[in-house]
Structures are given as C-alpha cells and as structure tokens.
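See structure below.
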Amino acid sequence: MMSQTAPVIESAVPNSPGLWRLAWRRLCRDKLAMFALGVVGLYILTLLLSSSGLLAADWNREIAVNYAPPTFAAGRVEQQDLSPDAKRQGELPPENPLDPLKEVLRRLRAQSGNGAARGDNEYGVADPLAKDLEAIRAEMGKDANAAGESDTMARRATLPFGADKWGHDIIKKTIKGSETSIVVGLAAALLATSLGTLFGALAGYFGRAVDDFFNWFYSVFTAVPNLLLIMAIAAVLQRKGVTTIVLILALTGWTGTFRLMRAEYMKHKAREYV
C-alpha cells in the first residue's frame, strides 16, 4: 500500500504590531490625551504661521489708540477724543514743562505786540542755528506730521483683545511672543533629552571608570542649586539671546533623563549576567 502523506496546513501567524503602533492605539483610547495633542498641534501650527509671516506679521504696528479696550468692554469705556480741539484744551502737557516763564513771556509779547526778532528765542538771545533748524523742519516736519496725523486718525478705538499703551494689538503680541517661547522650549527639551540619553547610555553600558566619571559629573550638577548653576553658565557663555537660554535650560535639565537611562542599561546588564 502506498502511504499517503497528509497535506501540511500552514497556520497563518499574524504579525504582532510594533511598539509605536501599540503606543498610538493606547494614546487614541485616551480622550484627554488626544485633546492635549490637538492643543499642541494648534500651537505648532501657530508657530509655523507666525514664523513664515502669514500670522501676526504687523504685531509692532500702532493700529489702535492707547490702551484700547476689548470689543466686549467697549460700551463701558469712553472713547478717546483725538481731535485737535481736545489737544488744545490742556489734555497734553506743555511743550517745555521745565521752563515756567515760557508761557508768561509769550503772553506778555502778545499783549504788547512786540514779538521776538527772527531767530531769537523766548529771552531775546539770537540763535545762530535758527535758520538751519527752520530749513530742516520745513523739509522733514511736513511729511512726518502728515503721516502722524493720518495714522492717528486711522487708529481703531477697540480691538478684540485690547491694545497696550502704544496701540499694539495684544493678541498679535501674544502670538509673536509664543513663537519664541515654543522654540526655546522645544529646542531645550530636545537638547536636554539627547544629553541625558547619551550620558546615561554610556555610563550604564560601559560601567566601571566611565560610570564613575558620569556619576561624578551628575553629582556636581545636582549638588549646586539651580539658580547658582544658571548664573555660572550664563557667566561662562557671556552672550545674550535665544541660544544662550536654550543652552542654560539644556545643561540644567539633563540629569533626570540620565538617571533613567543609566538605570535601564544597568538593569539589562544585570539580566544578562543572571
């Protein structure tokens, strides 16, 4: 009799999902985490639009009156009168508040009809630069005054989130300020995580002298108070700007990641020896 071999049925073993796919599934099941992820995405989108100039490009432009109220509070705040008549009624300070006799001399000359000679100041002393200054004012003052008056009359009385004392839009200044804050936060966190991961991996993998060195380095950074450490790093760098802030935050924030990474490598090495 001929032996018949039964067909071999290969069982299809499904591929297990990877680590990142499992992490994404777990994240999607958490509604609060997804909402927080949406907020972070909105901040990143605002950062990209602001850095490209599509959003809040005119954040430093005076588009409103000084201390313009928000739109919802406009009915409870009186509108500012920017007409020339209001400026003449004493709302603006005098031209030279340090000279108390200037207005008195001007009134006396107006009553007597004897005005000062051309080129003389309020006390009758000739000014050798009077003609030159008058020519400069004639060339530059007209255009500046016309531009200033048109800009003042075009200013808005209210804004959605109000304005500061220079007439800048508050919401645009907030968006432009958040651009720098997000860049500093992301860059500092990325650099601190990279340093902590590298130092912790080296200390945990090699051990012995390398581990002793990085533990001593870690002890130095954790023993000094953060304020003194920040001041010491700033004194060494001696530079101002975003790069200095990123370096200070990164050099003072890598210790936690270093401790975790070193412990993970030491744990895996202990399992290998068992």
Side-chain angles (χ1 to χ4, degrees), residues 16-30 32-56 174-273:
S16 60
L19 176 63
W20 293 105
R21 183 175 296 180
L22 291 174
W24 175 251
R25 290 179 181 177
R26 185 176 180 181
L27 182 65
C28 292
R29 288 195 295 267
D30 193 342
L32 183 60
M34 293 301 296
F35 175 76
L37 184 62
V39 173
V40 173
L42 181 62
Y43 277 115
I44 299 298
L45 179 62
T46 304
L47 168 64
L48 296 177
L49 293 177
S50 177
S51 59
S52 61
L54 299 177
L55 185 64
T174 304
I175 293 174
K176 199 63 179 180
S178 64
E179 176 184 345
T180 305
S181 302
I182 294 174
V183 170
V184 169
L186 291 178
L190 180 61
L191 184 56
T193 305
S194 302
L195 291 177
T197 303
L198 178 61
F199 294 163
L202 292 175
Y205 182 79
F206 291 103
R208 297 184 179 180
V210 178
D211 188 23
D212 293 338
F213 171 76
F214 280 108
N215 279 329
W216 169 82
F217 196 59
Y218 166 81
S219 301
V220 170
F221 273 80
T222 54
V224 180
N226 286 335
L227 182 58
L228 296 179
L229 187 60
I230 290 172
M231 294 176 63
I233 297 174
V236 171
L237 296 176
Q238 292 184 353
R239 290 184 180 180
K240 298 180 180 179
V242 176
T243 305
T244 302
I245 298 176
V246 170
L247 290 177
I248 290 174
L249 294 178
L251 293 176
T252 56
W254 61 271
T255 54
T257 307
F258 165 80
R259 186 171 61 251
L260 293 176
M261 291 302 300
R262 178 182 175 276
E264 287 295 326
Y265 270 84
M266 295 294 289
K267 181 173 65 175
H268 284 290
K269 287 187 66 176
R271 289 178 179 176
E272 292 177 359
Y273 286 114

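Note that the numbering runs from 1 along the sequence shown for the chain.
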Check: Got a sec, which pairs hit ring pair (Phe, Tyr, Trp, His ring centres under 6.0 Å) with one end in residues 226-252, sequence neighbours left out?
Finding: none
Check: With sequence neighbours left out, what residues match W20 under side-chain contact (heavy atoms from CB on, under 4.5 Å)?
Finding: none
Note to self: Any side-chain to backbone donor/acceptor pair from W216 onto F213? Under 3.5 Å, distance only.
What the structure shows: no
Could you pull out all donor-acceptor pairs under 3.5 Å where a side-chain atom in residues 34-55 meets a protein atom, sequence neighbours excluded?
residue: T46; atom: OG1; partner: L42; partner atom: O; Å: 2.9
residue: S50; atom: OG; partner: E179; partner atom: OE1; Å: 2.7
residue: S51; atom: OG; partner: L47; partner atom: O; Å: 3.0
residue: S51; atom: OG; partner: L48; partner atom: O; Å: 3.0
residue: S52; atom: OG; partner: L48; partner atom: O; Å: 2.9
residue: S52; atom: OG; partner: L49; partner atom: O; Å: 3.0

Would you list the atom pairs, donor with acceptor, under 3.5 Å between side chains in residues 257-265 and any protein atom, with sequence neighbours excluded?
residue: R259; atom: NH1; partner: Y218; partner atom: OH; Å: 2.9
residue: R262; atom: NE; partner: D211; partner atom: OD1; Å: 2.7
residue: R262; atom: NE; partner: N215; partner atom: OD1; Å: 3.4
residue: R262; atom: NH2; partner: D211; partner atom: OD2; Å: 2.9

Item checked: side-chain contact (heavy atoms from CB on, under 4.5 Å) partners for R29, two or more places apart -> R25, R26
Check: Which pair of non-hydrogen atoms, one from A33 and one from L27, has the smallest distance, and what is that distance?
Finding: CB-CD1, 3.4 Å
Item checked: All ring-ring contact (aromatic ring centres under 6.0 Å, His included) counterparts of Y205, not counting sequence neighbours -> none
Item checked: Residues forming a side-chain contact (heavy atoms from CB on, under 4.5 Å) with D212, sequence neighbours excluded -> none
Using residues 223-249 as the side-chain source, report each donor-acceptor pair under 3.5 Å to any protein atom, sequence neighbours left out, with the distance given to one decimal.
residue: Q238; atom: NE2; partner: A235; partner atom: O; Å: 3.4
residue: T244; atom: OG1; partner: R239; partner atom: O; Å: 3.0

When the side chains of residues 181-198 are checked against the rest of the protein, which donor-acceptor pairs come out under 3.5 Å, sequence neighbours left out?
residue: S181; atom: OG; partner: G177; partner atom: O; Å: 3.1
residue: T193; atom: OG1; partner: A189; partner atom: O; Å: 2.7
residue: S194; atom: OG; partner: L190; partner atom: O; Å: 2.8
residue: T197; atom: OG1; partner: T193; partner atom: O; Å: 2.7

